[in-house]
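Worksheet: the structure to be examined is printed underneath.
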Amino acid sequence: MPTNVKGRSLLTLKDFTTEEIGYLLDLAIDLKQKKRMGISGKSLQGKNIALIFEKPSTRTRCAFTVACIDEGAHPEYLGKNDIQLGHKESVEDTARVLGRMFDGIQFRGFSQETVEKLAKYSGVPVWNGLTDLYHPTQALADLMTVKEKFGTCQNIRFVYIGDGRNNVANSLMIIAAKMGMDFVVIAPKSLWPTEQLLETCREFALYSGGKIEITEDINQMQGAHVVYTDVWCSMGEEDHSVERIKLLKPYQVNKELMMKAQNPDIIFMHCLPAVKGNEVTEEVFESKYSVVFDQAENRMHTIKAVMMATLV
Ligand code: CP
Ligand code: NVA
């Protein structure tokens with residue numbers, strides 16, 4: 001099936017079809033092989049890319065920067081103190097200004113509304129590099145990693161454990177539902193994803209042959225191919241740290257939890273940065289099951305694929 005995502009923004013992944021996501025993943029895998037062979041193109045030559053960051057970043061910032069430079073584009077970093085976004089100037093006005101100068105815009109920040117407004121008013125593709133609600137470029141890198149390890153995403157039992165309603169969990173549930181995975185959220189009830197998102201994802205899963213389960217029971221690890229966790233306190237939630245540690249301690253990824261899967265080929269995933277000793281033990285993080293640095297590298301290849309596919 002032909003896919004055309006030219007001119008599109010990547011805000012939540014909800015509006016991307018299974019075929020379009022599959023196309024982006026295959027393109028990223030191809031670009032990774034090419035980079036290994038020392039081949040990089042000039043497919044983004046002459047493009048200027050704005051990189052807006054309200055929150056800090058290592059992987060996302062570096063992935064966008066390197067991907068741009070590999071393909072001949074110019075990345076421009078705009079930190080929270082560098083521009084007026086939402087303070088001295090409305091998001092709508094900044095969007096229209098940037099859209100006159102740049103070919104594409106990456107936004108990392110707090111509000112999903114801001115990234116949606118940037119897309120609506122700038123007239124150029126906007127890529128969500130993380131908001132409080134979603135982290136779609138992370139989810140693409142994660143599925144690329146799953147595909148590399150297992151050859152497919154279909155019917156993979158993917159367990160996400162910990163804070164089940166954060167940006168990473170939300171985006172993983174969306175992409176898993178689109179790609180036919182058996183997605184399990186293990187989390188205390190107070191940290192379950194919203195009913196609305198669950199319903200949306202269950203509908204996606206109907207079409208892809210996927211499944212969404214949600215439970216408080218860590219024994220649902222049984223048969224997992226993947227166990228994934230993220231920090232217990234996301235950026236901006238630091239005040240909740242004491243209560244979260246208490247609530248989530250039973251959901252730590254440690255050796256005992258890994259054993260519950262009864263799968264010698266299980267992989268451990270984390271978007272990073274990790275707080276070792278909280279959501280994952282040092283032992284699991286450093287074990288042979290851990291693919292966290294493959295995920296980090298794949299951020300760059302998938303982000304490159306997204307820019308190449310969506311820039312006009
Ligand atoms: N995983 C991720 O988004 O990392 P950064 O916060 O370093 O960009
Ligand atoms: N959930 C984390 C992801 C960091 C990449 C956060 O928002 O801080």
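Start at 1 and go down the list; that is how both ligands and their atoms are numbered. Just so we're clear, the structure is a prediction, and the values are computed from it rather than from any experiment.
Summarising the local packing, CD of Glu89 is surrounded by more than 12 heavy atoms from other residues, nucleotides or ligands at distances under 6.0 Å.
Ring pair His225/Phe150 is perpendicular by interplanar angle, where above 60° counts as perpendicular and below 30° as parallel.
With 3.5 Å as the limit, one finds a donor-acceptor pair spanning the side chains of Asn166 and Asp230.
The shortest N/O to N/O separation between Asn167 and ligand 2 falls below 3.5 Å. For a threshold of 3.5 Å applied to N or O pairs, the pair formed by Lys55 and ligand 2 contains no separation below that value. The distance criterion of under 3.5 Å between nitrogen or oxygen atoms is met by Cys271 with respect to ligand 1. Considering backbone and side-chain atoms together, His135 places no N or O closer than 3.5 Å to any N or O of ligand 2.
With hydrogens left out, the protein atom closest to atom 8 (O) of ligand 2 is Met235 N, 2.8 Å, a heavy atom.
When Leu272, Thr60, Val231, Asp163 are checked for heavy-atom proximity to atom 5 (C) of ligand 2, Leu272 turns out nearest.
Using 4.0 Å as the threshold, Lys55 has no heavy atom nearer than that to any atom of ligand 1. For Gln295, the heavy-atom gap to ligand 1 stays at 4.0 angstrom or more.
In Leu272, the part holding a heavy atom less than 4.0 Å from any atom of ligand 1 is the backbone.
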